[in-house]
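Counting begins at 1 with the first residue of the sequence. If you're wondering where the values come from, they're calculated on a predicted model, not measured in any experiment.
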Amino acid sequence: MDSALQVEWAGALGLWTGFIFTLLIFSALFGDHIVARFAQYVLVGTVLGYAVVITWQSILASTLVTALRSAPLTSPWNWVPVALAAILAVAGLERIFAQGRARTTRSRWRGALRALGSIPALLLAAVAAAVTLIGGVQGTLAPQFMHAARSGLPWDAAPATLATGLLTLLITTAALIFFVVDADRHLAQQPAWVQRLMRGWIWVGQRALWLAAGALFARLFASRVTLLIAEAAHWTQVIQSSELGQMIETGWRMVTGG
């Protein structure tokens, strides 16, 4: 089998696999069943595996492993993430193999291992939360608020432009207040008119977020349906141009007499 034929078979196999798993995932619209969950598990596992490979090739293997192999004693701080990763891996394996077993006595080494394993897990969670929070504030909320406050309120502009700027500033600040202010905790000691004003502002931010989430979900659903239609059309063209498609067409003509 030559290389061209192997490439063709590999492409056809990937096309069939993607098409079948797309249908399996979309079958979740008819209810939660084992086939859709299996496709979702395979999708999540594939994405996680791809992320691990990309992280290893782009970050760990190119920087950390190369530095440790070339000069292991020059920078001892490079061994800290290696030690944390090893502790997390051992603690995770211990939790995996310990599931389903009856706990008669709690050994000290398992308690110490789980306590040590919680350190890198908490570090990962803290870093992820910090990156998400800082990225959301610096990359989305703060620039949007500053743009609305600086350039969105030209007082000498047309009434429609001024109304658009005020509405943008109102929705931006309302969404920010909705995330930051807890009405039951922060407004309990405030005057009644402040409570009404802030609750109304929070109400606007909550509805604006609902509308934005609905628009994003609708756009995501439309894009996925478009990809499904494009994949089905491409799959149909591939089948029609292959020997299998010609056999199906010949058989159909024999059955219908066309």
Side-chain angles (χ1 to χ4, degrees), residues 1 3-62 85 88-101 114 117-118 120-129 131-133 135-136 139-140 209-249 251-252 255:
M1 184 179 294
S3 59
L5 187 58
Q6 291 179 357
V7 172
E8 182 179 357
W9 274 100
L13 180 61
L15 179 65
W16 276 90
T17 304
F19 181 72
I20 292 173
F21 272 89
T22 301
L23 294 179
L24 293 179
I25 293 175
F26 265 92
S27 67
L29 296 174
F30 301 99
D32 187 15
H33 50 87
I34 189 172
V35 178
R37 282 182 291 176
F38 171 74
Q40 294 171 6
Y41 294 158
V42 171
L43 176 63
V44 173
T46 304
V47 172
L48 290 178
Y50 181 76
V52 169
V53 171
I54 293 298
T55 304
W56 173 262
Q57 293 182 351
S58 303
I59 301 176
L60 297 178
S62 60
L88 183 61
V90 174
L93 291 175
E94 190 275 332
R95 291 296 298 270
I96 292 174
F97 289 110
Q99 290 181 355
R101 296 181 180 180
R114 293 180 181 181
S118 63
L122 291 175
L123 286 176
L124 288 175
V127 171
V131 170
T132 303
L133 179 61
T140 304
L209 289 174
W210 287 355
L211 180 62
L216 290 176
F217 179 77
R219 184 175 181 180
L220 180 63
F221 180 77
S223 63
R224 294 302 180 267
V225 173
T226 303
L227 289 176
L228 176 61
I229 296 174
E231 188 174 356
H234 179 63
W235 172 75
T236 305
Q237 293 178 358
V238 172
I239 294 298
Q240 290 178 353
S241 61
S242 62
E243 295 181 359
L244 179 60
Q246 296 176 3
M247 292 175 59
I248 294 175
E249 183 179 0
W252 179 256
V255 172

Inspect the surroundings of CG in L48 and state if more than 12 heavy atoms from other residues, nucleotides or ligands are less than 6.0 Å away.
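Atom CG in L48 is crowded, with more than 12 foreign heavy atoms closer than 6.0 Å.
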
Table please: side-chain donor-acceptor pairs of residues 215-223 below 3.5 Å, with sequence neighbours left out.
| unit_1 | atom_1 | unit_2 | atom_2 | d |
| --- | --- | --- | --- | --- |
| S223 | OG | R219 | O | 3.3 |
| S223 | OG | L220 | O | 2.7 |

Pairs under 3.5 angstrom only: tabulate donor-acceptor contacts from the side chains of residues 37-45 to other protein residues two or more places apart or in another chain.
| unit_1 | atom_1 | unit_2 | atom_2 | d |
| --- | --- | --- | --- | --- |
| R37 | NE | H33 | O | 3.4 |

